[in-house]
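Just so it is clear: chains get the letters A, B, ... in the order the sequence lines come, proteins before strands, and each one is counted from 1.
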2 protein chains.
Amino acid sequence: MRTTGTPESPVPSGSSHLLRTINERAALYHLLENDTLTRVELRKLTGLAKPTASQVMLRLFESGLAVTLGRTTAKQVGPRAEVYSVNADHAFAAAVTLHEPDGVTVAIRDLKGRERASSTRRIDFTAVPVDRAVQNMLSATTRDAGIDFARIAVVHLAVPGAYDAETDTIGYADIPGAPEVHMREAIETYMGCPVTIHNDVNAATVAERRNPSVSGGLVLLWLGREGIGTGIDLSQGLIVGARGAAGELGYVPVYPDRTGPDDPTYQDWIGPPAVIELGRAHGIEGPDAAAVMTAAVKQGAEGFLNAYADRVAGALHLLTCLLDPPSLVIGGEIARAGGETLVDRVRRHAEALAERILPSAVYGDAVAIGVLDLAYEDLKHRVLDTALA
Amino acid sequence: MRTTGTPESPVPSGSSHLLRTINERAALYHLLENDTLTRVELRKLTGLAKPTASQVMLRLFESGLAVTLGRTTAKQVGPRAEVYSVNADHAFAAAVTLHEPDGVTVAIRDLKGRERASSTRRIDFTAVPVDRAVQNMLSATTRDAGIDFARIAVVHLAVPGAYDAETDTIGYADIPGAPEVHMREAIETYMGCPVTIHNDVNAATVAERRNPSVSGGLVLLWLGREGIGTGIDLSQGLIVGARGAAGELGYVPVYPDRTGPDDPTYQDWIGPPAVIELGRAHGIEGPDAAAVMTAAVKQGAEGFLNAYADRVAGALHLLTCLLDPPSLVIGGEIARAGGETLVDRVRRHAEALAERILPSAVYGDAVAIGVLDLAYEDLKHRVLDTALA
DNA sequence: TTAATAGTTAGATAAGATTACTAACTTATA
DNA sequence: TATAAGTTAGTAATCTTATCTAACTATTAA
């Protein structure tokens, strides 16, 4: 927001220019929210007078932020109203997901929120450095979709590990070379636009916001093929931590009086090792934890399911005592393999928490969806904040 | 903020009136921040033109929000500038603290942030219902300080327990009658102003914001005489939980495979029972946990101190894995009794976390200070949001 | 069936109101 | 006498209300 106040103050001051900016921002906001808008609809939403609404739309059109899509098909008497819309090609949001140990997914959404391109590849990061690989993927995906590279206005990455924004370093990720690369700086220099990096579980947590039965925040317990984690997304927003290491339940010791390096952590207690070990104890085998869970559900292995569900319920109890979230979502490959059966067993073991527990409502790659949602939200905010100077 | 848009939208629109409101809000904000302000100083802060600055100040004066304090003592040539200030008596913030089992503290701050009244009493809540007691204390304290009762614009309460804003009920508090009273409704009806209720540990956490070495958020581990708890105050603000029950570390089982009602929780592991029991094991006695800690420090009982510090460090490790806060503060009566000695021992047992661990920097009643800070901040926001319509 | 007419809606234009800015002026003070 | 505080007058930008034009639908009469 433009202000004439010399030092930046949280409470702005300004003159008539500010008023125009405010009204154009409002119009653009409603355009972003409403897909198409006539001048009359804009007036209903903003309360602006007819001439003002016309002028505001004209300026949005002239600046290239809005386009006209013709006129309404007459449903009532009178002339047909001119239909405006956000110019979808004015700016794009790009989302990148790094999968352990060698996957890269890129997806691009336009300003109207439509997915315009996506691609996934396996890349040997010992041959191509991870930052170069991401840059190449971004360029190729943009080019193949016929998108103007310079119009990519934001890039968000999801990485499997803790990202420390302060030092621009990725920790714990099982991706060759990742800890040595200053990823944000590398991509920002290449793309010439702001880059934001997220933990993959946090991105998956954001994707769960799409679940209509979740409101006012959620905690996601991620039971992944590679490991576990927690995403904390409360009413105030995502909790990422000072060094990007919030939600690392996997590193919490199970027994506070046994905290040595070989003593069990929650990774061993409810993560893939626990599933495999519990499976073996109940005579269920599989190539990985998700497969064991699939087999257990198929066989109706109540002994295994109850033992594991009890542990998961314990973890949810811990999270609830500390964070008291409105909803607890169980996600990740192991949870998906367990399906409604596992959620049901966890609910039975969770007593008072039962009604807060939900299965993941995201179909497909929750991490990729979440990071694309984050990128698109960021794009909208930046367009609102900067497009009208 | 006044908008002409019919339905409330997060992005406002408006006409010239909005501009005046914005500029008066800005002026009021700077008045609240700066104690005194001349027109010239306001111009430097806002960038407003001379006549506008004059007019804005005039309107603030006429509405009773600002007062004149005379003129500057001439340091330079030219006429002496008129000195404006916020009218301290325009509105007041009241803070109430309920102490287990029978204490009530009331404090009142004026719009300039000065403490104008405070009083503490012991009240038998089996004789006087707790809501009546609070009402009486508020009336008496206001009257004795010569403050206009109708000018109390906000009331904040700190209660020892979980406050569920949804149902307006206080849980877990060891105060007779508290669970049955709808405290917010009762006080709001009596006072005719908005009432907000906080958990006491959360209030104490807010008080730690005053610590200059804390920035970007903190987690407070409260080791109180009555019990333990956690306050989570990250960059996004206080995490209170869906039912006001966030930070209840005391209810977390120590061993996830022993979750029965008689199995140990963190209350038993690092709370008052643990201090007394550990003290006994090391030959240190006292009437309560804080006294045991005082004695241990005085005697230099390294065995006791190291055993307890190791447990506290474990709790801090748990909190860091889940929340990754920039700072970890240890507070409460037990922590105060332990002083720098205890903090030092905890740091030694906490390894990588050591540099994040701080003792409480609040002198006096952290809960009462925190809730008064919360009340005053709320007052300032409400004055800015509502005073100028 | 066709053509004229009445009524409604989209959008443009003109006039008036509000607010802020610039520039010149007045007054007080070292 | 120069400088700084504050006021007054005039100008510019923006929004609003009121009015006007054009377009289109629906009704009605020939």
Whether [X] contacts [N] is assessed here as follows: a side-chain N or O lying under 4.0 Å from the phosphate OP1 or OP2. Is that the case?
| X | N | answer |
| --- | --- | --- |
| A:Asn23 | D:dC15 | yes |
| A:His17 | D:dT14 | yes |
| A:Ser16 | C:dA20 | no |
| A:Ser15 | D:dA13 | no |

[X] [atom1] to [N] [atom2], straight-line distance once rounded to whole Å:
| X | N | atom1 | atom2 | value |
| --- | --- | --- | --- | --- |
| B:Leu42 | C:dA20 | CG | P | 12 Å |
| A:Ile22 | D:dA13 | CD1 | P | 18 Å |
| B:Glu41 | D:dA4 | CD | P | 15 Å |
| A:Gln55 | D:dA13 | CD | P | 12 Å |
| A:Arg20 | C:dA20 | CZ | C1' | 15 Å |
| B:Leu18 | D:dT16 | CG | C1' | 14 Å |
| B:Arg43 | D:dT7 | CZ | P | 12 Å |
| A:Arg59 | D:dT14 | CZ | P | 7 Å |

Nucleotide of D:dT16, C:dA20, D:dC15 approaching A:Ala49 most closely (side-chain heavy atoms):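 Of the candidates, D:dT16 comes closest.
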Hey, does the side chain of [X] reach the backbone of [Y] with a donor-acceptor pair shorter than 3.5 angstrom?
| X | Y | result |
| --- | --- | --- |
| B:Ser63 | B:Leu60 | yes |
| B:Asn23 | A:Gly14 | yes |
| A:Arg184 | A:Val195 | no |
| B:Glu208 | B:Ala361 | yes |
| A:Asp168 | A:Glu185 | yes |

Plane angle bin for B:His156 and B:His198 - parallel if under 30°, tilted between 30 and 60°, otherwise perpendicular: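 The rings of B:His198 and B:His156 lie parallel, inter-plane angle below 30°.
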Parallel, tilted or perpendicular, as decided by the 30° and 60° cut-offs, for the rings of B:Tyr190 and B:Phe149: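 Judged by the thresholds at 30° and 60°, the geometry between B:Phe149 and B:Tyr190 is perpendicular.
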Audit row: A:Ser85, A:Thr36, side-chain hydrogen bond (donor to acceptor under 3.5 Å, both in side chains) steps and yes/no: CA-CA 5 Å; A:Ser85 168; A:Thr36 69; over 6 Å; no
Is there any protein nitrogen or oxygen under 3.5 Å from a nitrogen or oxygen in nucleotides 9-13 of chain C, and what are the pairs?
{"residue": "C:dG11", "atom": "OP1", "partner": "A:Glu82", "partner atom": "N", "Å": "2.5"}
{"residue": "C:dG11", "atom": "O5'", "partner": "A:Arg39", "partner atom": "NE", "Å": "3.4"}
{"residue": "C:dG11", "atom": "N7", "partner": "A:Lys50", "partner atom": "NZ", "Å": "3.0"}
{"residue": "C:dG11", "atom": "O6", "partner": "A:Lys50", "partner atom": "NZ", "Å": "2.8"}
{"residue": "C:dA12", "atom": "OP2", "partner": "A:Ser54", "partner atom": "OG", "Å": "3.3"}

Bend angle of the helix from C:dT1-D:dA30 to C:dA30-D:dT1, end axes from five pairs each (to 10°):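 Result, rounded to 10 degrees: 10°.
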A:Glu166, CD: over 12 other non-hydrogen atoms inside 6.0 angstrom: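 No.
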